[in-house]
Number of protein chains: 2
Amino acid sequence: MIKCHLSRLLGERKLKISDVTRDTGINRGTLTRLYHETAERVELDVLDALCTYLNCGLPDLLEYQKSEQASPPPTP
Amino acid sequence: MIKCHLSRLLGERKLKISDVTRDTGINRGTLTRLYHETAERVELDVLDALCTYLNCGLPDLLEYQKSEQASPPPTP
DNA sequence: AAAAAATGATCTTCAAAAGATCAAAAAGGG
DNA sequence: CCCTTTTTGATCTTTTGAAGATCATTTTTT
């Protein structure tokens, strides 16, 4: 799955969603969805703007987490 | 800007877009847009599926390139 | 050379981001 | 503490681009 770390990044920087909206022009609804990880798509422009604004790389914002192989049933 | 390295990844692996479509179920149009870097949005599911299929991390697929600061005019 | 597969281009359909608005909750100032 | 302002959550409509399908062209395979 793809994890979004916007909430962590904002927390670390003590920034509010409203700050980001004001400073970047990114739609507040979009930010809210990313913040709460309910977004299903992302505009590449948004990723770009966020990385620039937060001065971080993509991997800081979006992380691919390899899904575990379903573990075989334990032998009793 | 956000760069997509799908074409490089497929090239390295000698895979065709049709292979990826067949194996992952991702829409061919979507892959074509990513391949030619004309996509403006991405479905997070697609990123997930591509990373899994190509066995790579997000940074391998998508890269944030910091835009240069406009260079000051050279002193003559 | 013919057949099959892959790609490019384009059209319609559909889902989610953008945009706007309202109510509720937090934060600040007196 | 009360009142004002700001921030956030929720929801509705509009807009945008991916999904899906199809046709034409190019490339590959036999």
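Note that this is a predicted model, so its numbers are computed, not measured. Chain A is the first sequence line, chain B the second, and so forth, proteins listed ahead of strands; every chain is numbered from 1.
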Query raised in the report: Under the criterion side-chain contact (heavy atoms from CB on, under 4.5 Å), which of N27(A), L61(A), I26(A) is the partner of V46(A)?
Result: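 For V46(A), the side-chain contact (heavy atoms from CB on, under 4.5 Å) check succeeds only for I26(A).
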Report task. Indicate, with a heavy-atom threshold strictly under 4.0 Å, whether V46(A) touches base, sugar-phosphate, or nothing. Result ->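 Touches sugar-phosphate only.
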Query raised in the report: Are L44(A) and Y64(B) side-chain neighbours, meaning at least one heavy-atom pair lies under 4.5 Å?
Result: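 Counting from C-beta outward, L44(A) and Y64(B) never come under 4.5 Å.
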Gap between atoms [atom1] and [atom2], on [X] and [N] respectively (whole Å):
X      : N       : atom1 : atom2 : result
D45(A) : dT16(D) : CG    : P     : 13 Å
K16(B) : dT27(D) : NZ    : C1'   : 9 Å
E37(B) : dG8(C)  : CD    : P     : 14 Å
R22(A) : dT5(D)  : CZ    : C1'   : 14 Å
L31(A) : dA16(C) : CG    : P     : 19 Å
E43(A) : dT15(D) : CD    : C1'   : 11 Å
L6(A)  : dA17(C) : CG    : P     : 14 Å
R41(B) : dA18(D) : CZ    : C1'   : 8 Å

Query - Interatomic distance, L47(B) atom CG to L62(A) atom CG [nearest 0.5 angstrom] - result: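 If I round to the nearest 0.5 Å, the distance is 7.0 Å.
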Report task. Working to the nearest 0.5 Å, report the span between CZ of R28(A) and OH of Y35(A). Result ->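 Taking CZ in R28(A) and OH in Y35(A), the distance rounds to 13.5 Å.
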**Report entry** Any N/O donor-acceptor pair, R28(A) side-chain to dT7(D) base, under 3.5 Å
**Finding:**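 Side chain to base: no pair below 3.5 Å.
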Report task. From the options dG20(D), dG19(C), dT7(D), select the nucleotide whose nearest atom is closest to the side chain of N27(B). Result ->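 The listed nucleotide nearest to N27(B)'s side chain is dG20(D).
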Query - Phosphate-side-chain proximity, H36(B) and dG8(C), N/O vs OP1/OP2 below 4.0 Å - result: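 Checking H36(B) against dG8(C): at least one side-chain N or O falls below 4.0 Å of OP1 or OP2.
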Indicate every side-chain donor-acceptor pair of residues 3-11 of chain B with a distance under 3.5 Å to a residue at least two apart or in another chain.
| residue | atom | partner | partner atom | Å |
| --- | --- | --- | --- | --- |
| K3(B) | NZ | E37(B) | OE2 | 3.2 |
| H5(B) | NE2 | E63(B) | OE1 | 2.8 |

Report task. Between T32(B) and R33(A), just flag the one whose closest nucleotide in DNA chain C comes earlier from the 5' side. Result ->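 The residue mapped nearer the 5' terminus is T32(B).
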Requested in this report: Map G25(B) and E40(B) onto DNA chain D by nearest heavy atom, then report which one ends up closer to the 5' terminus.
Outcome: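 With G25(B) and E40(B) compared, the 5'-side residue is E40(B).
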